[in-house]
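Reviewing the structure listed below.
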Amino acid sequence: MDQITNVMEYQAIAKEKLPKMVYDYYASGAEDQWTLQENRNAFSKILFRPRILIDVSKIDITTTFLGFNISMPIMIAPTAMQKMAHPEGEYATARAASAADTIMTLSSWATSSVEEVASTGPGIRFFQLYVHKDRNVVAQLVRRAERAGFKAIALTVDTPRLGRREADIKNRFTLPPHLTLKNFEGLDLGKIDKTDDSGLASYVSSQIDRSLNWKDVEWLQTITHLPILVKGVLTAEDARLSVQAGAAGIIVSNHGARQLDYVPATIMALEEVVKAAQGRVPVFLDGGVRRGTDVFKALALGASGVFIGRPVLFALAAHGEAGVRKVLQMLRDEFELTMALSGCRSLKDITRDHIVTPWDAPRVVPKL
């Protein structure tokens, strides 16, 4: 593990260690996988405008989200079925997030229940929610998350149907028989049956409510006191509607490029959403973050923080909890270095003027 120098190196190790069906499930995107590539490529099109001769001997990267103090603006996104990557799965991720003093988001489709994750010890945790057709199931899940001490609900809104993930179709993806979707175990919804197609696509088709709409965001607020984050926003129009519906925050996300292909990279959609939110709620980003420089670019474009998904899964597969800890530490160190080399001592010092993007108008240099 000492030879690992950046988070991207974990993917090759994970590919060697994991069964093909599992690796492909974690790694692949929808259809042509254009957006999957673009989530990374788009970051490379944004350049820095570093400022010099600023005292950066002390740098503060701590931040506050929904009233919770965390050590850095880098958090863990919800990723399903983590025990396919490592026997400790979500337990290991929860402990690593707690050790790093940051937030973990637990997937509805986790292979560890909300109660089991809560039992790993203290930590700030959010619960990602898919809305099932049976609203009693939804209400029960939300209340269990509340009782287990989870602090917010991240409502995924971009999955009325599952995107066409061709690797899963070819592999006839199903959950390994020794694992279940633990949050649904007592509801006879914990298994994903093997089919001639993707087993997950069949599960989503039979269970997830395609009629989900803005009124449901308001309904959720009547059954929980937890703040609701709307996850899956890519446009100004939907940012405004999220605020109107009472969302406490917005996560700019294209579901790791696993839903609709040929949508923009999240970093390209971010500024439009931030401008539409007009500072009324915090805006976060997930998708494609692999470097501390990516974190800085997201914050310069108005994000309050970022969530990481695949780097956690691949590090978990490679080295368990120690791998996840190292991913968080490497991103933290890279981000702090980027701040120092850009002349920023705190998060509030990071401004739009620190970057230049392909869509910027030609810059007029002010006279001193």
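Just so it is clear, the model here is predicted, and its values are computed rather than measured.
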Side chains of Lys15 and Phe314 in contact at under 4.5 Å (non-hydrogen atoms):
no
For side chain to side chain donor-acceptor pair (under 3.5 Å), just list the numbers for Asn39 and Asn254, CA-CA rounded to whole Å, side-chain angles, deciding distance to a tenth of an Å, and then say yes or no.
CA-CA 9 Å; Asn39 267 357; Asn254 53 34; 2.9 Å; yes
Tell me yes or no: between the side chains of Gln140 and Asn136, is some donor less than 3.5 Å from an acceptor?
no
Please state whether the rings of Tyr130 and Trp109 are parallel, tilted or perpendicular, taking 30° and 60° as the class boundaries.
parallel
Minimal heavy-atom distance between Val324 and Ala96, with the atoms involved, is CG1-CB, 3.5 Å
Please determine whether a side-chain nitrogen of the Lys or Arg among Glu90 and Lys182 lies less than 4.0 Å from a carboxylate oxygen of the Asp or Glu.
no
Side-chain heavy atoms under 4.5 angstrom apart, residues restricted to Ile, Leu, Val, Met, Phe, Trp, Tyr: same cluster for Leu285 and Ile228?
yes
Are any of the side-chain heavy atoms of Arg310 and Met8 separated by less than 4.5 Å?
no
Do the non-hydrogen side-chain atoms of Ser342 and Phe296 ever get within less than 4.5 Å of each other?
yes
Kindly determine whether Gln82 and Tyr26 satisfy side chain to side chain donor-acceptor pair (under 3.5 Å), including the steps that lead there.
CA-CA 10 Å; Gln82 292 184 13; Tyr26 289 147; over 6 Å; no
Compute the centroid of each ring, for Phe126 and then for Phe307, and state whether the two points are separated by less than 6.0 Å.
no
Heavy atoms only: give me the nearest Gly309-Thr79 pair and the separation to one decimal.
CA-CG2, 3.8 Å
Is Arg280 reaching over with its side chain to a backbone N or O of Ala277, donor-acceptor style, under 3.5 angstrom?
yes
Which residue in the set Asn183, Val142, Leu226, Thr105 passes side chain to side chain contact (heavy atoms under 4.5 Å, CB included) when paired with Phe127?
Asn183
Exercise: do Thr224 and Glu146 side chains pair donor with acceptor under 3.5 Å:
yes
Quick one: does any side-chain atom of Arg125 pair with a main-chain N or O of Ala145 as donor and acceptor, under 3.5 Å?
no
Regarding Asp55 and Ser57, do their side chains bring together a donor and an acceptor under 3.5 Å, going by distance alone?
yes
Are Ile124 and Ile70 close enough that some pair of their side-chain heavy atoms sits under 4.5 Å apart?
yes
Is a donor on one side and an acceptor on the other found under 3.5 Å between the side chain of Glu16 and the backbone of Ile13?
no
